[in-house]
Amino acid sequence: MSMSKNFLIFFPFAIFLCIFALFGCSKPGDNLVTSGIDAFKKKDYDAAITYLTDALESETNYSNELIYTLLANTYTQKHEWNTAISYHKKALELREDYSSYILLGALCHEAKRDEEAESAYKQAIALEPKRAEGYGSLGALYLKQEKIDEAIELLEKTISINPRLGIVHADLAVAYAKKGNAEKAEAALKEAEERKAENFDTFKARVDSILGKAPALNTVPEAK
């Protein structure tokens, strides 16, 4: 799916705080992890990285998978995509997770590593074939790559699973427009508007331009 920069803010605090409460910080490294979480919440990302890296060398009740995920999310906030990717991959080697594969794919795309993004989305789909986000994310990637037929197939699959995803209707509108199907493009655009798709005006401008209803766009408008 098309994503704004907001997708990068992914941090399951509740999970970690529950673990904190369960174990009561009974091992030396636990304080390092909780200090890292506190630093992250304060947006002191360098301090968070120091605490969490030290925690990996300490005895702690937290799994390495969780610490790797914390580090990945911290480097994500610093827009250090490649380092974030490496930590997500370390976490996924220890335990597969659907949402982490989706985030890994998005990070790989940000880092212009689209082959790895495609692989991550496909792994998400294989892990949870009845969930919509993997299909939508891969469909959006194919749309950006001008693989329009493949994009439409995946985006339609996404909508069949979860029709409430406005951003997918918006992506479909662009894909239909690129195929010259104005009727379907307009219908999808209407659905996107009704479902309050983020950056709807950007999608509408693209569709109108592709269909010749507005001047041609020299560049694709960036999502805000």
Side-chain angles (χ1 to χ4, degrees), residues 1-114 116-128 131-134 136-137 141 167 198-199 222-224:
M1 291 171 282
S2 297
M3 297 183 184
S4 73
K5 298 299 181 185
N6 290 332
F7 86 90
L8 299 172
I9 303 174
F10 171 81
F11 199 87
F13 287 114
I15 294 173
F16 301 116
L17 293 177
C18 285
I19 293 172
F20 169 80
L22 178 63
F23 290 111
C25 284
S26 60
K27 292 185 178 181
D30 291 347
N31 281 328
L32 291 170
V33 177
T34 54
S35 293
I37 292 172
D38 288 341
F40 181 97
K41 292 167 71 175
K42 295 174 183 175
K43 299 185 179 181
D44 188 352
Y45 301 128
D46 290 335
I49 288 167
T50 297
Y51 285 124
L52 295 169
T53 302
D54 288 347
L56 287 172
E57 304 300 324
S58 303
E59 186 179 2
T60 173
N61 281 308
Y62 295 83
S63 70
N64 280 353
E65 172 227 331
L66 292 177
I67 298 172
Y68 288 146
T69 300
L70 287 162
L71 279 164
N73 288 318
T74 305
Y75 278 107
T76 295
Q77 299 310 309
K78 287 168 64 68
H79 291 191
E80 295 184 19
W81 314 126
N82 290 321
T83 307
I85 287 166
S86 69
Y87 277 113
H88 269 299
K89 287 185 173 182
K90 285 177 181 289
L92 284 164
E93 286 174 2
L94 297 176
R95 186 178 71 86
E96 289 192 304
D97 177 76
Y98 177 83
S99 295
S100 291
Y101 275 127
I102 298 294
L103 184 54
L104 175 61
L107 288 170
C108 287
H109 179 64
E110 288 286 337
K112 303 186 186 306
R113 294 162 60 173
D114 277 357
E116 292 173 74
E118 180 178 359
S119 176
Y121 294 142
K122 286 182 176 179
Q123 286 173 289
I125 291 169
L127 191 63
E128 299 273 3
R131 295 181 65 174
E133 297 86 359
S137 297
L141 179 64
I167 197 70
E198 187 177 4
N199 299 308
E222 290 290 333
K224 297 179 181 179

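All heavy atoms count here, side chains included; hydrogens, waters and symmetry mates do not.
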For [X] versus [Y], what's the shortest heavy-atom pair and its separation?
X	Y	value
L32	S58	CD1-OG, 3.4 Å
S137	Y121	CB-CE2, 3.4 Å
A117	C108	N-CB, 3.6 Å
N61	K27	OD1-CE, 3.4 Å
A84	L107	CB-CD1, 4.1 Å
T60	D30	OG1-OD1, 2.6 Å

Query raised in the report: What do you reckon, is OH of Y101 surrounded by more than 12 foreign heavy atoms closer than 6.0 Å?
Result: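 Yes, OH of Y101 has more than 12 neighbouring heavy atoms, counting only those of other groups under 6.0 Å.
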
**Report entry** Selection residues 78-88 - residue pairs positive for salt bridge (Lys or Arg N to Asp or Glu O under 4.0 Å), sequence neighbours left out
**Finding:**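 Non-adjacent pairs meeting salt bridge (Lys or Arg N to Asp or Glu O under 4.0 Å): D46-K78, K78-E80.
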
**Report entry** Residue pairs, two or more places apart or on separate chains, that pass salt bridge (Lys or Arg N to Asp or Glu O under 4.0 Å) and touch residues 60-70
**Finding:**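 Passing the test, one end in residues 60-70: E65-R95.
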
Can you sort out the partners of [X] under side chain to side chain contact (heavy atoms under 4.5 Å, CB included), two or more places apart, ordered by chain and number?
X	answer
E57	none
K122	E118, L138, Y142
A126	none

Query - Verdict with supporting geometry, N82 and R113, side-chain contact (heavy atoms from CB on, under 4.5 Å) - result: CA-CA 9 Å; N82 290 321; R113 294 162 60 173; 2.7 Å; yes

Can you tell me how far the [atom1] atom of [X] sits from the [atom2] atom of [Y], to the nearest 0.5 Å?
X	Y	atom1	atom2	value
S35	D44	OG	CG	11.5 Å
I102	Q123	CD1	CD	10.5 Å
L127	D97	CG	CG	7.5 Å
I67	Y87	CD1	OH	10.5 Å
L52	T34	CG	OG1	9.5 Å
E128	S99	CD	OG	8.5 Å

Report task. For residues L71 and L56, determine if any side-chain heavy atom of one lies less than 4.5 Å from a side-chain heavy atom of the other. Result -> yes

Query raised in the report: Is any side-chain heavy atom of E133 less than 4.5 Å from a side-chain heavy atom of Y98?
Result: yes

Query raised in the report: Who pairs with N64 by side chain to side chain donor-acceptor pair (under 3.5 Å), at least two apart in sequence or on another chain?
Result: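 N64 satisfies side chain to side chain donor-acceptor pair (under 3.5 Å) with no other residue.
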
Report task. Answer yes if the ring centres of F40 and Y45 are under 6.0 angstrom apart, and no otherwise. Result -> yes

